Number of protein chains: 2
Amino acid sequence: MPKETFHNLPDGKKQTLMDALQKEFSQAPLFQASISNIIKRANIPRGSFYQYFVDKEDAYFYMLNQMLHEVRERFLGMLEKSDGDLFDAMVTFYQTMTEEDENFHFFKNSLLNMNHKIEKTMSKIFENEQSSEQCARLHASIDKSKLKIEKDEELYYVMKIISAVTFHNLIDRFSKNLSNEQALAQYCKQIDMLKIGLVRD
Amino acid sequence: MPKETFHNLPDGKKQTLMDALQKEFSQAPLFQASISNIIKRANIPRGSFYQYFVDKEDAYFYMLNQMLHEVRERFLGMLEKSDGDLFDAMVTFYQTMTEEDENFHFFKNSLLNMNHKIEKTMSKIFENEQSSEQCARLHASIDKSKLKIEKDEELYYVMKIISAVTFHNLIDRFSKNLSNEQALAQYCKQIDMLKIGLVRD
DNA sequence: ATTATAAGTGACAGGTTGTCATAGGTCAAC
DNA sequence: GTTGACCTATGACAACCTGTCACTTATAAT
């Protein structure tokens with residue numbers, strides 16, 4: 001987490017710094033991004049950076065969390081719009097993630113170089129930890145009657161499966177540079193298979 | 001790929017170097033491993049390393065591929081032993097990957113810091129690219145009559161789904177330090193859900 | 001004005017990487 | 001056995017990067 005000092009910063013300076021972070025992390029994945037670049041861009045001295053953040057990771061995860069908050073809201077919105085149909089919402093979600101908005105390159109880099117810490121953070125979009133309070137809203141928005149689950153706990157596994165497959169498809173889309181149409185078709189195919197199951201009755 | 005010079009090395013020296021690589025990459029993930037450490041361990045001068053490999057990545061992927069070759073053989077063996085039942089074989093495979101053999105830490109590091117390039121390489125275990133010749137043996141070993149697929153092409157998606165879920169479970173197992181029993185139970189649960197499908201009929 | 005507390009700063013030590021000029025070995029041919 | 005072609009070995013080096021720290025400057029409160 002950023003240090004107190006960062007939060008005390010006047011809005012202008014804070015924004016400049018955020019922009020610098022955003023640019024650097026859009027250009028290179030976490031492990032390749034450099035603090036030197038960031039401070040050059042933000043035009044702050046080296047010492048100041050360490051006044052605000054513990055290190056590169058700290059800054060990165062701050063950014064990432066900020067962005068994910070929006071994404072999560074968007075996802076919950078989709079879920080409500082699709083009357084609690086998890087699969088429909090996921091497909092819509094998948095599509096928005098492949099659209100080239102201002103955060104496209106940031107997410108692309110993050111997905112292509114996703115270690116377990118990044119993934120854990122990203123999974124918050126579908127907040128899902130067993131016994132988390134935060135996930136109440138998610139649980140409330142999903143129409144469970146459509147799902148083949150008996151206990152609430154099983155929803156946890158459903159979410160795990162779906163998010164695993166979704167992230168993998170996004171990564172595939174980016175690493176192979178598939179067209180949006182191709183990638184979407186593949187994703188939908190897989191979602192369908194998840195729905196009906198993989199073994200013959 | 002390692003340079004010619006590496007292959008020309010006398011076996012003893014080659015082995016020493018491989019051991020040094022293996023140790024370094026077991027101790028730290030690719031992005032944190034250092035060439036300086038490797039050459040210290042292997043007791044070779046800096047210039048020599050670059051005589052053998054293009055860079056750290058080159059050395060890493062050489063190692064990884066070597067190891068994966070064995071793993072793949074093991075997996076195909078399991079598949080045959082379980083009479084072509086893909087799901088049974090996967091569960092056995094999952095278990096062997098969580099056993100603490102000599103390569104345990106190497107794979108743990110790789111899984112916890114798996115970018116798309118590492119993942120692509122690892123997926124070779126379940127070699128599966130559409131229109132690849134290499135995957136003939138895999139296709140031959142799987143009893144497709146047990147699967148809900150119509151065209152051969154659909155097997156591609158089945159494998160994608162299963163490997164996505166499997167890798168995610170392995171990562172979960174390692175990052176949360178679950179016990180083998182706990183982790184296996186969760187994995188089997190998810191495999192079952194994949195088999196029968198996620199939506200109510 | 002004085003003092004305490006917070007923030008800003010850049011030179012620096014210690015580490016890393018990839019390169020390159022130089023030195024050393026091997027082997028076939030003359 | 002000398003020559004030259006070719007491959008390999010070597011470590012000093014430039015260029016970079018990170019995290020720290022002693023020091024300066026600002027702000028606020030008494």
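Below, read A as the first sequence line, B as the second, and so on, with proteins coming before strands; counting in each chain starts at 1. Predicted model, so just to flag it, every value in this text is computed and none were measured. Just so it is clear, the values below take in all heavy atoms, side chains as well, and ignore hydrogens, waters and symmetry mates.
- Atom pair A:Gln32:CD and C:dT16:C1' shows a separation of 15 Å (rounding to whole Å applied).
- For A:Gln51 against C:dA7, no side-chain N or O and base N or O form a donor-acceptor pair under 3.5 Å.
- Here C:dA7 presents its P atom at 9 Å from CG of A:Leu9, a figure rounded to the nearest Å.
- A tilted orientation is assigned to the rings of A:Phe53 and A:Phe6, their planes being inclined by 30° to 60°.
- Considering only side-chain N and O atoms, A:Asn8 lies under 4.0 angstrom from the phosphate OP1 or OP2 of C:dA7.
- A:Tyr52 has no side-chain polar atom (N or O) that falls below the 4.0 Å cut-off from OP1 or OP2 of C:dA7.
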Discussion item. Could you walk me through whether B:Arg137 and B:Glu73 satisfy the salt bridge (charged side-chain N to carboxylate O under 4.0 Å, His left out) test, starting with their C-alpha distance in whole Å, then the side-chain angles of each, then the deciding distance to 0.1 Å, before giving a yes or no?
Written reply: CA-CA 11 Å; B:Arg137 188 159 155 222; B:Glu73 285 305 313; 3.4 Å; yes
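- The pair B:Asp152-B:Lys144 meets the salt-bridge criterion, with a side-chain N (NZ, NE, NH1 or NH2) lying under 4.0 Å from an Asp/Glu carboxylate O.
- One finds a side-chain N or O of A:Arg46 lying less than 4.0 angstrom from the OP1 or OP2 phosphate oxygen of D:dT18.
- With the nearest nucleotide of DNA chain C identified for both B:Lys56 and B:Gly47, B:Lys56 has the one nearer the 5' end.
- Counting any heavy atom pair closer than 4.0 Å across all strands shown, B:Phe6 reaches no nucleic acid atom.
- At least one side-chain nitrogen or oxygen of B:Ser36 sits closer than 4.0 Å to the OP1 or OP2 atom of C:dT17.
- If you measure from atom NZ of A:Lys13 to atom C1' of C:dA6, you get 13 Å, rounded to the nearest angstrom.
- Between B:Glu154 and A:Lys189 there is a salt bridge, since at least one side-chain N of the basic residue sits less than 4.0 Å from a carboxylate O of the acidic one.
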